[in-house]
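One structure is given below, encoded as structure tokens.
The chains referred to below are lettered A, B, ... by the order of the sequence lines, with proteins before strands, and numbering in each begins at 1.
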Number of protein chains: 2
Amino acid sequence: MALASENLTKNQKTVLDILENSSEPLKAYTILFDIQKKGIKSPLQVYRALDKLIEIGKVHKIESRNSYVACKHDGCNAKTSTSFLICENCDSVTELTGNNLFSYFSKQAEKNNFNYKKHNLEIFGLCENCKLKN
Amino acid sequence: MALASENLTKNQKTVLDILENSSEPLKAYTILFDIQKKGIKSPLQVYRALDKLIEIGKVHKIESRNSYVACKHDGCNAKTSTSFLICENCDSVTELTGNNLFSYFSKQAEKNNFNYKKHNLEIFGLCENCKLKN
DNA sequence: ATTGTAATGTTATAATATAACATTTATGTT
DNA sequence: AACATAAATGTTATATTATAACATTACAAT
């Protein structure tokens with residue numbers, strides 16, 4: 001039984017590669033444009049690769065921006081939930097880790113008789129670099 | 001100086017009205033379809049009304065679903081940040097309130113030397129009704 | 001080998017959202 | 001009231017994001 005990331009297909013590897021080498025989240029059509037020289041010709045090829053990568057937790061979607069980012073954490077457990085710090089100045093994204101968020105949100109949900117399953121959290125503000133510059 | 005909601009224009013009132021009378025979040029084109037009899041003919045008229053309503057805090061956008069919901073809280077301070085419980089079974093949405101979220105997220109951000117400004121939080125799971133049914 | 005599952009390639013189209021620009025309405029100021 | 005100006009409107013066109021449908025190919029498991 002190999003790691004999921006070792007079983008990636010050509011298209012999936014191509015898409016993951018460009019995301020892992022990007023300092024920022026990328027949009028699907030940006031990815032498409034950037035990898036057309038590698039034989040990917042249609043949006044669907046990109047979206048299908050993204051779907052798979054998201055499913056196995058190697059990529060997360062940033063909903064408010066319709067963009068995609070590679071996960072930097074080995075064996076990331078964020079297959080379902082995600083938590084990001086998003087810089088409004090430079091668009092850089094940092095993923096929050098630690099399951100204290102999970103337990104905190106579970107409690108918040110319980111107060112409303114709501115059965116927590118997963119979450120998306122996007123925190124906006126200024127990253128360390130941009131704080132210093134401004 | 002009247003409340004912002006008293007100054008709404010015809011299109012804005014029309015869009016807000018349909019959202020306030022909906023038990024679920026609505027998509028922009030659903031709104032458009034439903035109010036064409038009231039003289040609104042183009043997507044842009046809907047999006048412009050939504051933009052304004054979001055700006056004054058009467059409507060929030062649910063990013064992961066591209067849908068919009070009227071805020072039920074008088075004088076809602078969620079002009080920028082939003083926190084939702086979203087039922088995966090029936091698609092109902094409840095807005096979390098209380099600024100304990102604000103302080104919690106500020107602290108989480110600080111740990112990463114990140115200057116918190118606002119957030120979007122979407123918690124998915126089962127609402128009370130759907131818990132009982134399943 | 002064969003069978004089932006997943007991934008691919010391709011074309012077309014659906015769904016979501018904004019650009020550009022001319023016009024009208026509302027608001028505030030003299 | 002007359003004017004200036006800021007906001008909202010109406011309209012057409014287009015940009016952006018994402019999925020449907022279907023035929024084909026790769027590949028792993030019995």
>> Among D:dA18, C:dT8, D:dA8, which nucleotide has an atom closest to any side-chain atom of A:Y68?
In response: D:dA18

> What is the distance from NZ of A:K38 to P of C:dT8, rounded to the nearest Å?
Replying inline: 15 Å

> Nearest-Å distance, CG (A:L8) to C1' (C:dA6)?
Replying inline: 13 Å

> Side-chain N or O of A:N7 less than 4.0 angstrom from OP1 or OP2 on D:dC27?
Replying inline: no

>> On the six-membered ring of B:F124, is A:K118 placed so that its NZ or CZ lies under 6.0 angstrom from the centre and within 45° of the ring axis?
In response: yes

>> Which is more 5' along DNA chain C, the nucleotide nearest A:Y29 or the one nearest A:L44? Just name the residue.
In response: A:L44

> Between D:dA8, D:dA18, D:dT9, which nucleotide gets closest to the side-chain atoms of B:K52?
Replying inline: D:dA8

>> Output the rounded distance in Å from CZ (A:R48) to P (C:dA6).
In response: 14 Å

>> Can you see if the side chain of A:K41 gets near the phosphate of C:dT10 - specifically, an N or O under 4.0 Å from OP1 or OP2?
In response: yes

>> Looking at A:K61, I'd like to know whether one of its side-chain N or O atoms comes within less than 4.0 Å of OP1 or OP2 on D:dA18.
In response: yes

> Using a cut-off of 4.0 Å on non-hydrogen atoms, how would the nucleic acid contact of B:S42 be classed: base, sugar-phosphate, or nothing?
Replying inline: base

>> Students often mix this up, so state it plainly: with edges at 30° and 60°, are the rings of B:Y104 and A:Y104 parallel, tilted or perpendicular?
In response: parallel

> Which comes earlier along DNA chain D counting from the 5' end, the contact point of B:K10 or that of B:N66, where each point is its nearest nucleotide?
Replying inline: B:K10

> Any side-chain donor paired with an acceptor under 3.5 Å for B:S83 and B:H119?
Replying inline: yes

>> Taking the side chain as everything from C-beta on, heavy atoms only, tell me whether B:I40 gets closer than 4.5 Å to B:L32.
In response: yes

> Which nucleotide in the set D:dG10, C:dA17, D:dT17 lies at the smallest distance from any side-chain heavy atom of A:Y47?
Replying inline: D:dT17

> Can you check whether A:T9 has a side-chain N or O nearer than 4.0 Å to OP1 or OP2 of C:dT8?
Replying inline: yes

> B:F33 has an atom CZ; how far is it from atom P of C:dT16, in whole Å?
Replying inline: 14 Å

> Among side-chain atoms of B:N120 and B:T82, is any donor-acceptor pair under 3.5 angstrom?
Replying inline: yes

> Quick one: A:R65 CZ to C:dT16 C1', roughly how many Å, whole number?
Replying inline: 18 Å

> Considering heavy-atom distances to DNA chain C, does A:Q12 or B:D51 have its closest nucleotide positioned more toward the 5' end?
Replying inline: A:Q12

> Could you state the CD1-P distance from A:I56 to C:dA7, rounded to the nearest angstrom?
Replying inline: 10 Å

> Just how far, in rounded Å, is C1' of D:dT12 from CD of B:Q45?
Replying inline: 12 Å

> Rounding to a whole Å, what distance do you find between B:L26:CG and C:dA15:C1'?
Replying inline: 16 Å

